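Working notes, structure below.
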Number of protein chains: 2
Amino acid sequence: MILQEGFVCKHYTFVEKGCFKMYGIDEKGTEHNLGFAAENDWVADLGSFYSGKPSKLFIEAIEPSTILQIEHQDLLYLYVNSPKFDRNFRVIVEEKFIELQNRLLQNFSSNAEQRYLDFLAQYAALASRLPNTQIASYLGITPEFLSKIRKNISLK
Amino acid sequence: MILQEGFVCKHYTFVEKGCFKMYGIDEKGTEHNLGFAAENDWVADLGSFYSGKPSKLFIEAIEPSTILQIEHQDLLYLYVNSPKFDRNFRVIVEEKFIELQNRLLQNFSSNAEQRYLDFLAQYAALASRLPNTQIASYLGITPEFLSKIRKNISLK
DNA sequence: AGCTACATTAAGACTATTTCTTAAGCTTGT
DNA sequence: ACAAGCTTAAGAAATAGTCTTAATGTAGCT
């Protein structure tokens with residue numbers, strides 16, 4: 001667990017090996033996965049990281065993992081002293097932004113079955129290493145319903 | 001209309017005055033607003049802009065507007081020749097990413113009424129100048145249902 | 001002023017999607 | 001071998017949101 005609700009996100013984390021989930025918990029106690037971060041991916045609650053305010057999110061390993069972390073002040077130092085870091089982190093967040101936007105559009109336009117198929121198509125490697133409970137949380141449905149969807153797909 | 005589905009997003013657009021909506025159209029023909037861009041905001045389909053692939057989105061004025069636009073190649077030139085642009089556009093997209101992430105979490109965690117209240121709280125100025133049809137599309141509901149929600153809120 | 005187009009409200013019937021519940025069987029790590 | 005959690009199952013139930021129709025309101029255009 002590298003970030004808990006109520007704490008400030010102190011680090012931008014690079015995943016060298018393993019896999020993390022970032023999620024929020026709603027008032028009913030249900031977890032909602034905002035995303036996963038596996039090898040060579042970055043993860044942080046940017047809102048909390050840059051503002052210094054307490055996070056509403058959790059970031060937690062779902063596999064044994066090794067990571068590299070940079071603190072806020074050190075990253076700022078790099079930003080100021082070496083423009084390449086602005087460049088690289090711009091590109092990283094742009095890519096994540098594009099992903100997130102596609103996902104939001106999918107959420108509006110499709111039911112859970114289609115979203116599951118889209119997820120499988122887009123993140124095949126990730127899907128095969130994640131338990132269905134985590135995928136269900138990502139899709140915004142219960143594990144039981146995901147099971148129904150899977151059955152339904154297999155019948156086609 | 002500064003971007004249509006099927007065309008490449010050639011410009012990063014700065015809104016000097018007025019207001020734009022960015023939206024997709026699903027297979028039923030329903031519009032889904034991904035976001036709005038008013039004064040001093042930037043808008044583009046970044047996926048299409050950076051990849052050069054046809055967009056699936058529309059960007060359209062909903063008020064008489066004046067804009068400034070920069071083309072892909074010119075922005076690249078600025079990125080390469082002046083590190084400040086990497087910096088500034090990193091910050092711009094980071095802010096948008098944070099917004100989008102909050103919104104996705106809200107979509108998972110709340111029903112349409114709560115999302116509407118959240119939208120009003122967060123974008124009060126924007127909400128007052130948008131027709132409810134556009135807000136409904138942003139919330140992912142029909143205008144009729146938004147009307148019910150508004151009535152319901154006023155009864156409390 | 002008047003017209004047109006569109007936005008808003010209304011309200012009831014309807015329904016698709018998804019949850020809830022309970023339970024049994026299956027995996028996997030220790 | 002055991003415990004814990006994951007997966008499938010399946011029917012009942014809930015609910016949020018849509019659809020439909022229609023009347024009313026509003027704002028720009030000529």
Side-chain angles (χ1 to χ4, degrees), chain A residues 1 18-19 21 23 25-33 36 58 60-65 104-120 126-156, chain B residues 1 18-19 21 23 25-33 36 60-65 103-120 126-156:
Chain A
M1 178 92 68
C19 189
K21 60 177 173 177
Y23 61 96
I25 296 188
D26 68 21
E27 72 288 340
K28 290 180 187 161
T30 309
E31 289 185 11
H32 299 283
N33 281 341
F36 304 104
F58 299 79
E60 189 181 342
I62 51 183
E63 293 178 9
S65 304
L104 190 63
L105 195 58
Q106 262 174 21
N107 267 267
F108 279 141
S109 311
S110 320
N111 63 12
E113 177 168 333
Q114 191 54 51
R115 296 204 305 275
Y116 177 58
L117 290 171
D118 290 346
F119 175 74
L120 289 185
L126 201 53
S128 66
R129 67 199 268 194
L130 292 172
N132 286 335
T133 44
Q134 295 308 324
I135 296 176
S137 168
Y138 177 92
L139 297 173
I141 60 176
T142 58
E144 293 88 347
F145 186 49
L146 177 54
S147 176
K148 277 189 194 178
I149 288 172
R150 287 160 57 84
K151 184 185 181 185
N152 194 34
I153 290 170
S154 72
L155 291 177
K156 285 180 183 171
Chain B
M1 178 92 69
C19 189
K21 60 177 174 176
Y23 61 96
I25 297 187
D26 68 20
E27 71 289 341
K28 290 180 189 161
T30 308
E31 290 185 12
H32 299 284
N33 282 342
F36 303 104
E60 189 181 339
I62 51 183
E63 293 178 9
S65 304
R103 186 171 165 203
L104 190 64
L105 194 58
Q106 262 175 20
N107 267 267
F108 279 142
S109 311
S110 320
N111 62 15
E113 177 168 334
Q114 192 54 52
R115 296 204 307 275
Y116 177 59
L117 290 171
D118 290 346
F119 176 75
L120 288 185
L126 201 53
S128 66
R129 68 199 267 195
L130 291 172
N132 286 335
T133 45
Q134 296 307 324
I135 296 175
S137 167
Y138 177 92
L139 297 173
I141 59 176
T142 57
E144 292 89 347
F145 188 49
L146 177 55
S147 176
K148 277 187 193 178
I149 289 173
R150 287 161 56 85
K151 184 184 180 187
N152 194 35
I153 291 170
S154 72
L155 292 178
K156 284 180 183 171

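Predicted, not measured: the structure shown is a model, and the values here were computed from it. Numbered from 1 within each chain, the chains take letters A, B, ... in sequence-line order.
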What pairs of nitrogen or oxygen atoms, one from the protein and one from nucleotides 11-14 of chain D, lie under 3.5 Å apart?
unit_1, atom_1, unit_2, atom_2, d
D:dG11, O6, A:K148, NZ, 2.5

Round to the nearest Å and state the distance from [X] atom [atom1] to [N] atom [atom2].
{"X": "B:Q114", "N": "D:dG17", "atom1": "CD", "atom2": "P", "result": "12 Å"}
{"X": "A:F108", "N": "D:dA16", "atom1": "CZ", "atom2": "C1'", "result": "15 Å"}
{"X": "A:R150", "N": "D:dA10", "atom1": "CZ", "atom2": "P", "result": "15 Å"}
{"X": "B:I149", "N": "D:dA16", "atom1": "CD1", "atom2": "P", "result": "10 Å"}
{"X": "B:E144", "N": "D:dA23", "atom1": "CD", "atom2": "C1'", "result": "14 Å"}
{"X": "B:I62", "N": "D:dA27", "atom1": "CD1", "atom2": "P", "result": "16 Å"}
{"X": "B:F145", "N": "D:dT20", "atom1": "CZ", "atom2": "C1'", "result": "16 Å"}
{"X": "A:N152", "N": "D:dT8", "atom1": "CG", "atom2": "P", "result": "13 Å"}

Would you give the length of the straight line joining atom [atom1] of [X] to atom [atom2] of [Y], rounded to the nearest 0.5 angstrom?
{"X": "B:L120", "Y": "B:L126", "atom1": "CG", "atom2": "CG", "result": "10.5 Å"}
{"X": "A:E63", "Y": "A:L130", "atom1": "CD", "atom2": "CG", "result": "7.5 Å"}
{"X": "B:I135", "Y": "B:R115", "atom1": "CD1", "atom2": "CZ", "result": "13.0 Å"}
{"X": "B:I149", "Y": "B:E144", "atom1": "CD1", "atom2": "CD", "result": "11.5 Å"}
{"X": "B:L104", "Y": "B:N107", "atom1": "CG", "atom2": "CG", "result": "6.5 Å"}

CA sep, side-chain torsions, deciding dist, call: B:R150, B:N132, side chain to side chain contact (heavy atoms under 4.5 Å, CB included): CA-CA 10 Å; B:R150 287 161 56 85; B:N132 286 335; 3.3 Å; yes

Strand-adjacent residues in residues 129-143 of chain B, judged by heavy atoms under 4.0 Å from DNA chain D: B:G140, B:I141, B:T142

Does B:S137 reach the main-chain N or O of B:E31 with its side chain, forming a donor-acceptor pair under 3.5 Å?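 Yes; at least one donor-acceptor contact below 3.5 Å.
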
Donor-acceptor pair, A:N33 side chain versus A:Q134 backbone, under 3.5 Å?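 Checking the backbone N and O of A:Q134 against the side chain of A:N33, a donor-acceptor pair under 3.5 Å is found.
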
Walk me through it: do A:Q106 and A:F119 pass the test side chain to side chain contact (heavy atoms under 4.5 Å, CB included)? CA-CA 10 Å; A:Q106 262 174 21; A:F119 175 74; over 6 Å; no

Mind telling me whether B:Y138 and B:F36 have parallel, tilted or perpendicular rings, with 30° and 60° as the class edges?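 It falls in the parallel class, under 30°.
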
Reading DNA chain C 5' to 3', which nucleotide is the first, and which the last, to come under 4.0 Å of any heavy atom in chain A?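 Answer, 5' to 3': C:dT17 to C:dT21.
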
Would B:Y116 and B:I141 count as a side chain to side chain contact (heavy atoms under 4.5 Å, CB included) here? Give the steps. CA-CA 10 Å; B:Y116 177 59; B:I141 59 176; over 6 Å; no

